[in-house]
Structures are given as structure tokens and as C-alpha cells.
Amino acid sequence: MNAQLQVLQQWLGRNQALAHGLAAPLLVVVVLSMMVLPLRPWLLDTFFTLNISLALTVMMVAAYMKRPLDFSVFPTVLLLTTLLRLSLNVASTRVVLMEGHTGPGAAGAVIEAFGTFLIGGNFAVGFIVFAILVVINFVVITKGSERIAEVSARFTLDAMPGKQMAIDADLGAGLIDEKEAKRRRAEVGEEAEFFGSMDGASKFVRGDAIAGILILIINIIGGFAVGVMQHNLSVGDAADSYITLAVGDALVAQIPALLISVAAAMVVSRVGKDADLGGQIVSQMFLSSKVLGITAAVLFMLGVVPGMPHAVFLSFAAIIGGLAWWRRQEELRPEPAPAAAPETSDGEATWDDLQPVDLLGLELGYRLIAMVDKTRQGDLLTRIKGVRKKFAQEVGFLPPPVHVRDNLELRPSAYRITLRGVVVGEGEVFPGMFLAIDPGGIGTPLIGTPTTDPAFGLPAHWIEEKQRESAQMAGFTVVDSETVLATHLSHLMQVQAARLLSRTETQDLVEHVTRLAPKLIEEVVPKMISIAAFQKVLQLLLEESVHVRDIRTIIESIAENAAITTEPVELARRVRMALAPAIVQQIYGPVKELEVIAIEPGLERLLMQALAGGTGGALDPGVAEMLTQSATEVANRQEEKGVPACLLVPDAIRTAMARLLRRSAPRLQVLAHSEIPETHLIRIGPILGEVA
């Protein structure tokens, strides 16, 4: 016997997938067979019992699920169970009409039990009970669940764009990764499909209730006619036999239908996904001592009213009052202290002791902590979010999150900005005070503490709020402490954009472009150039303040030139030529005449001989020093005139000149002749060699 069971288990294990695949088609075939082929009474008993078992199983699954998608196959189950009930009605109707004259057991023991034992053999009582069940099912449960399904489907479809945008926003902010975003998008799609299917499947329940009424009427009329006309039964005997069987048959079908309707109502009315239905009911209804106490008090008052059933009301008042007292004791019990983390006995170092370095960090002195505390009206975190959003819109990629923390080693009002653990900027701000920045040429004295604007190095004063209006009228730019810090952070992020573009940000940028133009990015990265080379090209552009917002043009330029060279420096040079209109507009704005700084022809020939190799290593140190000093002076004069400082050089030495002058004159832009669009005119301004 054990050997036979083992063989059966092995066969079932090998053919499990086949059995799962054939389950639904076989059920449909059985349903159709019951509608066409006559069934023996014992087979009817079997299928009626199976029908009740399936209905109970479906209702239990609906009760214990935590979210509607946990029972996503429910619309299909609803269809199959409805077909099963209707096919049983057809099969039982055939047996009742053909064999009903033989007695109440003609259609099987299940119908006989429902027709005689449950309603006492009185078909009038059975008919009334059936009518009540139909009213409960059709008017109350089915009508309500149908409306909930309809509204849920409409609201779910209307909310889909907003949910998708929220997922994209979380992905863009770095709160979730691409895998989690895909999972959430799939869940949103499945949710919409489920509620859409439930909106249609709820009509099965409604139609089943109507069909139950019609089938009962048909069975009563048909059975009465067959008994009287064909089997010569008296009116009383025909009514007693056929109508009792018809009512029993209707009750057998209506009980599972009611269970399925309740399951459908529980599925569509489900809210939340943290616990099953029973857990939610207990946690939300019976865990409040105040609610239970008031209920017990009301029951007690009703119990002492003369004429009321005192024993029942007072008993329930005592039970619920005891439960309220127990819940109150639980609420007053102090929370257990969290268990301390077990200390390692040997004190050995672990990988948990190694903390990663923040890519972008902001350290605050203890007096500045209030600036990030929303309960104290601190909005620095909101400003930082705005800085990151503005950076992404202007530069073209999402920067890493700013890790804000306190540092007791700093002065109370000081702050420090770090990049990969290295300090790149620091300053001091005073909450409640305002920084009046002199944009230049204002001789009005201010009563305050002289200082320097930490972002751009302009002269400034810290002033009280009462001086704010007078300082603004005098021409000063007046900003609060949060703005000073946020502006400094924004400026440093712009300056350090190349270092902020790590491999993670580059990969996120590639995935973002993949969603917008999948074919474009797939043909270039990583087929033509590697992700590392692509990152280097973008960093070379960012080092010279060239925004990578027009990522399509960058990728198209790389695709055109990748067959010629994959050297990042050369690719960056060719990309600059493709981005020339955007670069010029970024420097000069929407003007068509460009005033540029030129190089004296003799000095230009010297630089061509020395720098044409690209590195600048062969340039005489004295000439290099003279060149950097002269470039700094010319750039300052241009800025004082309100004209962009832009040096125009031959293509062969543009990269080397930009690298040479980047440190001494960081705001000086270096353009090659090929980077001037044909739509713009050039006007030669200062000559670099003459100033020297």
C-alpha cells in the first residue's frame, strides 16, 4: 500500500504542471456536460457538495487575503463558479421534472434534505426563505458590491497617471531603484486590470441571482404541469412533490450563490494591505477601551430599563465591560524598553564599522540645527530639494541626495559642504539675521557685521531684520540665512558638477534616456562606447560648465563619431561642436553679435607651436604665467563692463587653453572657431597679447 502511494505521489509530482494547466478546461467541459447529459442522483449530490465546498473556500480566501491583488484570479473564479451553479440547476431541473413524481428523494439526498429537513417539508416556508435569501443577495449584497466595483474601477483608472508619475518621481529622487520601479508599475497595471475585471464580473453575481428566481418559477410551473398532466397526480400531490423539490433545488443553489456574493463584496470593499480582514476588524473595532466602555455602559442602561430582557443585556454589558477594563490595563502598561544590541565579547572590528563616505554632505553647527527642524519653521530641507530640482533641470542629470547632519566640532553658526568626504566649501550664517550683499558700487554704509558672500565672494554685511527695508532701498541684495546657505550649495554643485556625476548617476541617466528613446541609447551605450567612456565624455563637458541637458544631441554626436574615435577627449571636442548653439546661448544669451577676447597673432602662433600637442607641457613657464595673469585681468574687465568673458582660440589649442586658464580665471569661457554658429556675428574686443 505504501509503495502504491509513493508511486502515485511521484506521478503527481511529475505531472503537476500538466494537472494545473488542464484544471480550468476540464472544469468547463464538466460544466457543459452537466447541461447536456442526464446525471444520476448520487452524481448530483456529489456536485452540489462540491459547489458548496468551492463557495466556502472562495469566501475563506477572500476573508484572509491582505489586498485585492492577492486574489487576482477572483473574476475568473466568479465566472467558473457561476457556470457550475447554473449547470447544476439545469441538471437538477431535468431530474426533478423527469423523476419528481416518484417522491422527494428523486433528485438526490442533498435536495431532499434542503426540501424536507431544513424547511420541514413545507414548500410555502421554503419559498419564503428562498425569497428572503434572494432579497439579501440581490438587493443588498450584489447591488452594493456592484456599485463598489464600478466606482473602484473608475477611480483606479483615473489614478493610474498620478501613480505612474509618483513612481517616476521616487525613481528620479533615488528613493527606489529601477527594479522596484518596475515592480510598482506592474502592480499599478495589475490593479487597474483587476478592478476593471471585477466591474464586469460583478454582473455575473447579479445575473446569477436573477437566474435563480427564474429557474425556481420555471421549475414550479413546469413540475406542477408535468405532475398533473403526464403523471395524473392530484393538485395537492403535485404541489407537495414538485414544488418541494423545486424549492429545495433553489435553496441548494442559493446558499453557495450567497457565499460567493459575500466573497465578492469582501474583495471589492477591501481597504489596506497590512492585515487580513479579521485582523483589521479586531484592531480597528475592539482594541479601544473607550469605545468598549461606552458600549458596555449603553447596554447596562438598556438592561435596567423595566420590561427589557435584563439577563441578556446585563450579561453582554458585563462581558464587554470586562474587555474594556482589560484593554485599558494594556494601554496603561509601559512600553518595554528596546533590547540593547548584543556587544561582541572579543571587540573585533566588523564590516558594519565601515561607514560609506557621503557623496554630497552638509554639516551644520548646533545653532543651525533649527534650520532643518520643520517643527521650528525651518525650511532648509525644502530649499535643498529645490536646489537639487533646479540643478537637474539646468545641468541635465539628477544629483545625489544631500546628507545633512550636525557636527559639534564646527563653530555654532558654521557649516561645511563636503564632496566625497572632502571639504569644498564652508561659511557661517546667523539664523534670524539677513545678509546684505553689495553687488558693486554702493557707498551707503550699513550697521552690521562686515563679511563676504560665501558663494561669490562679494562684500556683504550681516544686518538685523529692522534694517532690511533700508538696505534694499539702498540697492543691496538682502537674503535670509537659509537662502545664503542654499545659494552656496547650489553654486558649489554647479562648479563641482563633473565630480557629482558618478557611475551611479550616469547609469540612472542612461536608464532615463532608455525610457524616452530606447533605440537611440541602445545603439550607442554600450555597443559603441562603454558606460565608463560615456561618463568621461559627460564629465569633460561639465568641467567646462557645458550642460548635458540636451542628452539626445550628445548621444547622436557620439553615434556619428564613435566609428572614428572612442577617445573621450576627442569625442567631447566633437560633441562641443554639435552643442555649439546651446553653449553660445548659455554664455551670451539670445544675442546674435558676440563680443569675444582674441589673442595677439604673434602670441597665437607661439601657443600653436607649444600647445598643438594638446597637453601644454611644452609651454614656457614665464609665458604661461604672463598668459594666466593677462587672461585674469581681461576677464575681470569684461565682467565689470557687464559683458561675458569669452576667449576665442583656434580649434587645435582650445582644450589645452581651457585647461591652462581654468584655475586662474574660472569664469573665463574658451571657445574654438568651429564652435561659433553660422547664425552669429563676432566682434573682437580686448586683445590678450596687447594687455600683457
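Since the model is a prediction, treat every value here as computed from it, not as a measurement.
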Exercise. Kindly write out the residues that satisfy side chain to side chain donor-acceptor pair (under 3.5 Å) with Arg411, not counting sequence neighbours, or none if the list is empty.
Key: Glu428
Quiz item: Do you know the tightest heavy-atom contact between Leu668 and Leu647?
Solution: CD1-N, 4.0 Å
Practice problem: Can you measure from OG (Ser481) to CG (Leu368) and round to the nearest 0.5 angstrom? | Solution: 8.0 Å
Exercise. Can you tell me which residue pairs pass the ring pair (Phe, Tyr, Trp, His ring centres under 6.0 Å) test with a partner in residues 378-399, sequence neighbours excluded?
Key: Phe391-Phe397
Quiz item: Which salt bridge (Lys or Arg N to Asp or Glu O under 4.0 Å) pairs, counting each pair once, include a residue from residues 663-673, with sequence neighbours left out?
Solution: Glu639-Arg667
Practice problem: Before accepting this row, confirm whether a basic side-chain N of the pair Glu409/Arg416 lies closer than 4.0 Å to the acidic partner's carboxylate O. | Solution: no
Do any side-chain atoms of residues 487-494 form donor-acceptor pairs under 3.5 angstrom with protein atoms, and if so which ones, sequence neighbours left out?
from   : atom 1 : to     : atom 2 : distance (Å)
Thr487 : OG1    : Thr483 : O      : 2.6
His488 : ND1    : Tyr415 : OH     : 2.7
His488 : NE2    : Pro454 : O      : 3.3
His491 : NE2    : Ala455 : O      : 3.4
Gln494 : NE2    : Glu394 : OE1    : 3.2

Practice problem: Using atom types as modelled and distance alone, determine if a side-chain donor or acceptor of Glu600 lies under 3.5 Å from a backbone N or O of Ile687. | Solution: no
Self-check item: Shortest non-hydrogen contact from Arg503 toward Ala532
Solution: NH2-CB, 3.4 Å
Exercise. Only counting residues at least two apart or in another chain, list the ones meeting side chain to side chain donor-acceptor pair (under 3.5 Å) with Arg367.
Key: none
Self-check item: Interatomic distance, Glu560 atom CD to Leu571 atom CG [nearest 0.5 angstrom]
Solution: 11.5 Å
Quiz item: Which pair of non-hydrogen atoms, one from Gln539 and one from Ala498, has the smallest distance, and what is that distance?
Solution: NE2-O, 3.3 Å
Exercise. Output all residues satisfying side chain to side chain contact (heavy atoms under 4.5 Å, CB included) with Ala486, sequence neighbours left out; order by chain, then residue number.
Key: Arg383, Val387
Quiz prompt | Shortest non-hydrogen contact between Val584 and Pro677, atoms and distance | solution = CG2-CD, 3.6 Å
Quiz item: With sequence neighbours left out, what residues match Lys466 under side chain to side chain contact (heavy atoms under 4.5 Å, CB included)?
Solution: Glu464
Quiz item: Crowded around Ile447 CD1? As in, over 12 foreign heavy atoms under 6.0 Å?
Solution: no
Practice problem: Go through the steps for Glu570 and Arg574 under the test salt bridge (charged side-chain N to carboxylate O under 4.0 Å, His left out), then give the verdict. | Solution: CA-CA 6 Å; Glu570 180 61 20; Arg574 295 172 182 263; 3.0 Å; yes
Exercise. Report the residues that fulfil side chain to side chain contact (heavy atoms under 4.5 Å, CB included) with Ser502, sequence neighbours left out, ordered by chain and then residue number.
Key: Leu359, Arg420, Thr504, Glu505
Quiz item: Taking the side chain from Asp651 and the backbone from His673, do they hold a donor-acceptor pair closer than 3.5 Å?
Solution: yes
Quiz prompt | Non-hydrogen atoms of Ser545 and Gln669 that approach each other most closely | solution = CB-NE2, 4.2 Å
Self-check item: Side-chain donor-acceptor contact under 3.5 Å, Asp550 with Thr553
Solution: yes
Self-check item: Those residues that, when tested against Arg405, pass side chain to side chain donor-acceptor pair (under 3.5 Å) (two or more places apart)
Solution: Glu363
Quiz item: Within a radius of less than 6.0 Å around CD of Glu593, do more than 12 heavy atoms belonging to other residues, nucleotides or ligands occur?
Solution: yes
Quiz item: Between Glu640 and Arg637, is the closest basic N to carboxylate O distance under 4.0 Å?
Solution: no
Quiz prompt | Contacts of type ring-ring contact (aromatic ring centres under 6.0 Å, His included), residue Tyr588, not counting sequence neighbours | solution = none
Quiz item: Under the side chain to side chain contact (heavy atoms under 4.5 Å, CB included) test, which residues partner Pro518, sequence neighbours left out?
Solution: Thr514, Glu522
Quiz item: Quick one: side chain to side chain donor-acceptor pair (under 3.5 Å) partners of His461, sequence neighbours excluded?
Solution: none
Practice problem: Would you check, one step at a time, whether the test side-chain contact (heavy atoms from CB on, under 4.5 Å) holds for Glu543 with Leu540? | Solution: CA-CA 5 Å; Glu543 284 177 357; Leu540 290 172; 3.8 Å; yes
